[in-house]
Amino acid sequence: MSGAPARIIVIVCMASFFCGGGYGATFLLPVLFEGFGAGTELVGIVLGAAAISTLLTVAYAGHISDLIGRAPSVGLSGLLLAAANAGFALSGGDAAVLILAGIVAGIGWGLFYCLSAIILAVLVEPSSRARMFLVSHACLMAGIGSAPLLAPFTESVGAPLALAFVLVAVGATLSGLALFAIAPAIRREEGVRKVEGVARLSLGAARLIFASEARFPIIMVGLGACVFAGFHAYQTVIAEAAGVNYAYFFSIYALTVVSFRVVLAVTAPKVPLYLASAWLLAAMTAGSALFLVLGGSLVLYALAAFLLGIGYGIAYALIKAIVANEAPEGLAPQAMQIFNLSYFVGVFAFPGLGGLIIAKFGAMTFVLIMAVLAAIECAIAIQRHARQRSLEAARAVRA
């Protein structure tokens with residue numbers, strides 16, 4: 001790919017890094033709030049407000065896109081993430097300002113996460129979408145993982161933690177402005193490719209999508225999001241129950257996801273997406289199950305983190321390509337919005353259920369449930385691949 005589409009893709013991927021940092025900085029909120037003298041209760045309120053605004057924004061992202069355009073909407077997301085992080089830095093501990101910043105962060109993150117992927121899906125051919133999503137999500141994960149590292153940097157130079165949020169805000173601002181600058185080029189590409197202009201989500205569109213083959217990746221991403229969120233939200237509890245140090249999990253998982261997404265984007269063989277997903281989800285299932293037998297082994301713990309990273313971390317991009325490819329004609333933007341809604345419902349809702357399960361039945365019961373969910377997602381991928389193979393064989397016989 002060359003010319004305008006290539007330049008647009010590079011800018012969107014760079015924006016993925018900086019806007020990912022805008023979200024990743026929220027991991028530093030407990031430390032920031034502690035410096036303000038605020039307790040964890042306020043952290044929970046701010047993150048809860050961000051979660052609600054994210055879900056609502058994803059549901060209405062198509063409406064916003066139809067109103068002002070896809071590229072300006074994504075550009076706006078960068079500016080909103082910048083404003084939110086500036087708000088965190090300059091709040092002085094004011095609860096109302098912090099809650100408002102959390103809401104703005106959720107809106108910005110929901111817009112960027114949903115609409116940036118739709119722009120990429122428009123610019124590349126269906127056969128290249130998996131590769132492109134691997135690259136963009138590697139940039140996104142790198143940004144999310146890099147933002148918390150600004151905390152030790154600010155400490156090393158003797159600056160307050162608020163500087164980390166200011167730096168993130170600067171990066172998000174530049175990304176937003178760059179996306180506004182390429183908006184005309186994106187509109188030209190959409191015109192050349194005769195892209196459907198209406199992206200708003202409606203009940204009628206949702207019915208058509210759930211009646212199509214696109215319903216399977218939507219279900220799959222919801223299951224995978226439960227596993228992802230459960231292991232991340234309660235890793236400290238799970239690691240303590242297993243007798244290992246949770247810090248190894250986060251470092252190995254992030255390194256695996258970023259490195260393998262880049263490597264596979266460059267070298268990935270031509271393998272059917274459902275087949276590739278099935279193998280990766282089998283690795284995720286195995287990694288989940290390993291937590292049940294760790295027995296304090298750091299080697300097994302590292303292997304479990306690696307398998308989860310290469311499993312869900314890579315399969316997610318492939319499943320997103322499947323939903324874009326299998327959506328009904330003209331409804332790819334709406335299908336991807338529902339896909340993102342399924343993901344965020346799993347990410348935000350399942351940890352709440354997980355807390356109840358751990359309190360009543362223990363951490364290992366929670367791990368067992370996540371291993372079962374991973375196995376179900378893997379089974380769906382296997383079934384869909386087998387179904388597609390049988391349909392191809394039937395068509396070949398008729399031909």
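In this chain, numbering begins with 1 at the start of the sequence shown.
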- Going by heavy atoms in the side chains, are Val221 and Val323 under 4.5 Å from each other? no
- Would you mind reporting whether Tyr274 and Met220 have side-chain heavy atoms less than 4.5 Å apart? yes
- Main-chain N/O of Glu326 paired to Glu213 side chain as donor or acceptor, under 3.5 Å: no
- Message: If you count heavy atoms of other groups shown closer than 6.0 angstrom to CD of Glu392, is the number above 12?
- Response: yes
- Flag yes if Val58 and Val345 sit in one hydrophobic cluster, no otherwise; membership is Ile, Leu, Val, Met, Phe, Trp, Tyr, and two members link when side-chain heavy atoms are under 4.5 Å apart. yes
- Would you check if Arg389 and Pro272 make a side-chain contact, meaning some heavy-atom pair closer than 4.5 Å? no
- Message: To the closest 0.5 Å, what do you measure between CG (Leu123) and CD1 (Ile118)?
- Response: 12.0 Å
- List the steps, then state whether side-chain contact (heavy atoms from CB on, under 4.5 Å) holds for Trp279 with Ile310. CA-CA 10 Å; Trp279 280 108; Ile310 199 173; over 6 Å; no
- Message: Is there a side-chain contact between Pro328 and Ile209 in this structure, where contact means two heavy atoms from C-beta onward sitting under 4.5 Å apart?
- Response: yes
- Item | Spacing of Asn340 atom CG and Thr54 atom OG1 [to the nearest 0.5 Å] | 11.0 Å
- Gap between atom CD of Glu377 and atom OG of Ser277 - 0.5 Å precision: 8.5 Å
- Query: Shortest non-hydrogen contact from Leu281 to Ala381?
  - Reply: CD1-CB, 4.1 Å
- Flag the pair Phe306 / Phe260 as yes when their ring centroid distance falls below 6.0 Å, and as no otherwise. yes
- Message: Please check if the number of heavy atoms outside Met14 that lie under 6.0 Å from its CE is greater than 12.
- Response: no
N/O donor to acceptor pairs below 3.5 angstrom from side-chain atoms of residues 132-143, sequence neighbours left out:
{"unit_1": "Ser136", "atom_1": "OG", "unit_2": "Met132", "atom_2": "O", "d": "3.4"}
{"unit_1": "Ser136", "atom_1": "OG", "unit_2": "Phe133", "atom_2": "O", "d": "3.2"}
{"unit_1": "His137", "atom_1": "NE2", "unit_2": "Lys320", "atom_2": "NZ", "d": "3.1"}

- Measure the CE-OH distance between Met370 and Tyr234 for me, rounded to the nearest 0.5 Å. 10.0 Å
- Query: Would one find more than 12 heavy atoms of other residues, nucleotides or ligands at under 6.0 Å from atom OH of Tyr248?
  - Reply: no
- Message: Hydrophobic clustering (ILVMFWY, side-chain heavy atoms < 4.5 Å, transitive) - are Leu90 and Leu32 grouped together?
- Response: no
- Query: For Gly78 and Cys19, which heavy atoms make the closest approach, and how far apart are they?
  - Reply: CA-SG, 3.9 Å
- Under the side-chain contact (heavy atoms from CB on, under 4.5 Å) criterion, do Phe88 and Leu28 qualify, and how do the steps go? CA-CA 10 Å; Phe88 290 137; Leu28 296 174; over 6 Å; no
- Any idea which heavy atoms bring Leu81 and Ala105 closest together, and the distance? CD2-O, 3.7 Å
- Query: What is the minimum heavy-atom distance between Leu111 and Leu76, and which atoms define it?
  - Reply: CD1-CD2, 4.4 Å
- When rounded to the nearest 0.5 Å, the distance separating CZ of Phe231 from SG of Cys226 is 12.0 Å
- Quick one: are Val299 and Leu303 in side-chain contact, heavy atoms under 4.5 Å? no
- Message: Using every non-hydrogen atom in the two residues, find where Gly309 and Thr256 come nearest and quote the distance to one decimal.
- Response: C-CG2, 3.9 Å
- Message: Are Tyr301 and Ile252 linked, directly or through intermediate hydrophobic residues, by side-chain heavy-atom contacts shorter than 4.5 Å (ILVMFWY only)?
- Response: yes
- Message: Can you tell me if Gln383 has over 12 outside heavy atoms packed within less than 6.0 Å of its CD?
- Response: yes
- Message: Using a 6.0 Å cut-off, check whether atom CZ of Phe180 has over 12 heavy atoms from anything other than its own residue.
- Response: yes
- Item | For His232, the option from Tyr312, Tyr253, Phe350 that meets ring pair (Phe, Tyr, Trp, His ring centres under 6.0 Å) | Tyr253
- Could you grab the distance from atom CD1 of Ile357 to atom CD1 of Ile369, nearest 0.5 Å is fine? 3.5 Å
- Query: Under a 4.5 Å cut-off applied to non-hydrogen side-chain atoms, are Phe249 and Leu308 in contact?
  - Reply: yes
- Message: Are Leu79 and Thr173 packed together at the side-chain level, in the sense that at least one heavy-atom pair is separated by less than 4.5 angstrom?
- Response: yes
- Can you find a pair of side-chain heavy atoms, one from Met284 and one from Leu280, that are under 4.5 Å apart? no
- Note on the structure: For Ser288 and Ala374 the tightest heavy-atom approach is OG-CB, 4.2 Å
- Message: Please evaluate residues Asn325 and Leu273 with respect to the criterion side-chain contact (heavy atoms from CB on, under 4.5 Å), reporting the C-alpha separation (whole Å), side-chain torsions for both, the decisive distance (0.1 Å), and the verdict.
- Response: CA-CA 10 Å; Asn325 293 347; Leu273 292 179; 4.0 Å; yes
- Query: Is Ile218 linked to Tyr60 within one hydrophobic cluster, defined over Ile, Leu, Val, Met, Phe, Trp and Tyr using a side-chain heavy-atom separation of less than 4.5 Å?
  - Reply: no
- Residue among Tyr23, Phe339, Tyr343 satisfying ring pair (Phe, Tyr, Trp, His ring centres under 6.0 Å) with Tyr113: Tyr343
- Item | Residues, nucleotides or ligands: over 12 heavy atoms within 6.0 Å of Leu356 CG | yes
- For the pair Ser342 (side chain) and Ile338 (backbone), establish whether a donor and an acceptor sit closer than 3.5 Å, ignoring hydrogens and angles. no
- Report whether Leu47 and Leu42 are members of the same hydrophobic cluster (ILVMFWY, side-chain heavy atoms less than 4.5 Å apart, transitive linking). yes
- Going through the distances and angles, do Phe348 and Leu55 end up as a side-chain contact (heavy atoms from CB on, under 4.5 Å)? CA-CA 9 Å; Phe348 292 141; Leu55 284 172; 3.9 Å; yes
- Query: Does Leu294 offer a backbone N or O that forms a donor-acceptor pair with the side chain of Ser297 under 3.5 Å?
  - Reply: no
- Please check if the side chain of Gln337 supplies one atom and the backbone of Gly62 the other of a donor-acceptor pair under 3.5 Å. yes
- Hey, what's the ring geometry for Trp109 with Phe112, parallel, tilted or perpendicular (30° and 60° as the breaks)? parallel
